[in-house]
Amino acid sequence: MSKRRLAREYALQTLYYYDTGKFSKDDSTMFVNGFYENLDEDTFAFCKDLALGAIANLPEIDKILALKAKNWAVDRMSAVDRSILRMATYEIAFSEDNAPIAAIIDEAIELAKKYSTENSGKFINGLLDQIKTERKNGN
């Protein structure tokens, strides 16, 4: 497994815990207590950027999701799908990392296949395909 995929998996877990109320926005314990003990420094930094960046931009991210997800309220999406979408939307629209959009979408689909329902990959792909226009620099 690549280091970036591993970072995305841990960021997904963090966002899921945040979304389900196990962590608060200001709870720094999500980044201590051994939760990330097997990540090297670069992988941890990427994971932390994804998780904290998504949380910091949550109102804007949810606005984008609500606008693009016609007939789907953000709060009615499964917590796993919502967390994947928030992370990928952050990475597409707000992160300065500028990873290729195709890679971000592919990783999100793979996470959905692994952690969510049979149809989640298609749902996430369709939504992120619309969201990719939110990239500020157009890459």
Side-chain angles (χ1 to χ4, degrees):
M1 176 181 311
S2 76
K3 291 181 176 188
R4 289 177 76 83
R5 177 168 289 177
L6 184 62
R8 286 183 177 102
E9 283 198 19
Y10 276 90
L12 166 61
Q13 291 173 25
T14 302
L15 291 170
Y16 177 83
Y17 286 140
Y18 175 78
D19 191 44
T20 58
K22 292 183 173 92
F23 290 138
S24 71
K25 185 175 183 176
D26 299 318
D27 190 355
S28 61
T29 62
M30 74 176 89
F31 290 104
V32 295
N33 299 332
F35 192 65
Y36 301 96
E37 66 190 15
N38 65 335
L39 299 182
D40 63 61
E41 190 175 321
D42 290 340
T43 307
F44 174 75
F46 182 56
C47 171
K48 190 173 178 180
D49 174 60
L50 291 176
L52 293 182
I55 291 168
N57 292 283
L58 204 53
E60 294 88 354
I61 289 169
D62 281 356
K63 225 184 269 187
I64 292 168
L65 290 172
L67 181 66
K68 302 292 184 178
K70 296 168 181 67
N71 301 320
W72 272 98
V74 174
D75 64 344
R76 294 204 53 217
M77 296 174 188
S78 79
V80 173
D81 290 356
R82 187 171 47 242
S83 297
I84 293 169
L85 286 165
R86 286 172 170 168
M87 178 177 62
T89 301
Y90 165 75
E91 198 171 357
I92 291 168
F94 299 94
S95 176
E96 296 188 16
D97 183 62
N98 288 322
I101 290 176
I104 296 167
I105 294 173
D106 286 345
E107 291 286 330
I109 292 167
E110 290 305 313
L111 287 170
K113 288 178 182 176
K114 184 173 181 177
Y115 293 104
S116 197
T117 67
E118 183 179 322
N119 296 320
S120 291
K122 292 176 186 175
F123 173 68
I124 285 172
N125 182 40
L127 197 46
L128 291 178
D129 191 54
Q130 294 178 60
I131 290 170
K132 69 184 179 187
T133 62
E134 299 295 322
R135 168 85 39 109
K136 303 297 187 243
N137 65 9
N139 288 336

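These numbers come from a predicted model, not from an experiment. Index from 1, following the sequence.
Residues Leu39 and Cys47 approach most closely at CD1-CB, 4.3 Å, considering heavy atoms. What you find for Leu15 and Ala51 is that their closest heavy atoms are CD2-O, 3.7 Å. Pairing each heavy atom of Ser116 with each of Val80, the nearest pair is CB-CG1, 3.9 Å. Across every non-hydrogen atom of Ala108 and Ala88, the tightest pair is CB-CB, 4.2 Å. Of all heavy-atom pairs spanning Phe46 and Ala7, the tightest one is CD2-CB, 3.4 Å.
There is a path of hydrophobic side-chain contacts, each under 4.5 Å, that joins Ile131 to Trp72.
Each of Glu110, Gln13, Glu107, Lys3 was evaluated against Arg8; a single residue qualifies, Glu107, per the side chain to side chain contact (heavy atoms under 4.5 Å, CB included) test. Exactly one of Asp49, Asp97, Asp42 qualifies for a salt bridge (Lys or Arg N to Asp or Glu O under 4.0 Å) with Arg4. That residue is Asp97.
Counting only heavy atoms from C-beta outward, the side chains of Lys114 and Glu9 approach each other to under 4.5 Å. Put simply, the side chain of Lys132 reaches to within 4.5 Å of the side chain of Asp129, judged on heavy atoms. No side-chain heavy atom of Ile55 sits less than 4.5 Å from a side-chain heavy atom of Arg86. A 4.5 Å side-chain heavy-atom check between Phe94 and Glu134 finds every atom pair outside the cut-off. Counting heavy atoms from C-beta on, the side chains of Ile84 and Tyr16 never come closer than 4.5 Å. In this structure, Leu111 and Met87 have side chains that are in contact, with non-hydrogen atoms separated by less than 4.5 Å.
Here the OG-CG distance, from Ser78 to Leu85, works out to 8.5 Å after rounding to the nearest 0.5 Å. Rounded to the nearest 0.5 Å, atoms CG (Asp81) and OG1 (Thr117) are 5.5 Å apart. Interatomic distance, CD1 of Ile124 versus CZ of Arg82, reported as 11.5 Å (0.5 Å rounding). Rounded to the nearest 0.5 angstrom, Ile105 CD1 and Ile109 CD1 are separated by 7.0 Å. Distance check: Leu127 CG to Lys70 NZ gives 9.0 Å after rounding to the nearest 0.5 Å.
With 3.5 Å as the limit, one finds no donor-acceptor pair spanning the side chains of Ser83 and Asp19.
Checked by atom type and distance alone, the side chain of Asn57 never pairs as donor or acceptor with a backbone atom of Glu60 at under 3.5 Å. The backbone N or O of Gln130 sits less than 3.5 Å from a side-chain atom of Thr133, completing a donor-acceptor pair.
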Worked check of side-chain contact (heavy atoms from CB on, under 4.5 Å) between Lys68 and Leu128: CA-CA 9 Å; Lys68 302 292 184 178; Leu128 291 178; over 6 Å; no

Intermediate values then yes/no, side-chain contact (heavy atoms from CB on, under 4.5 Å), Lys48 and Tyr10: CA-CA 9 Å; Lys48 190 173 178 180; Tyr10 276 90; over 6 Å; no

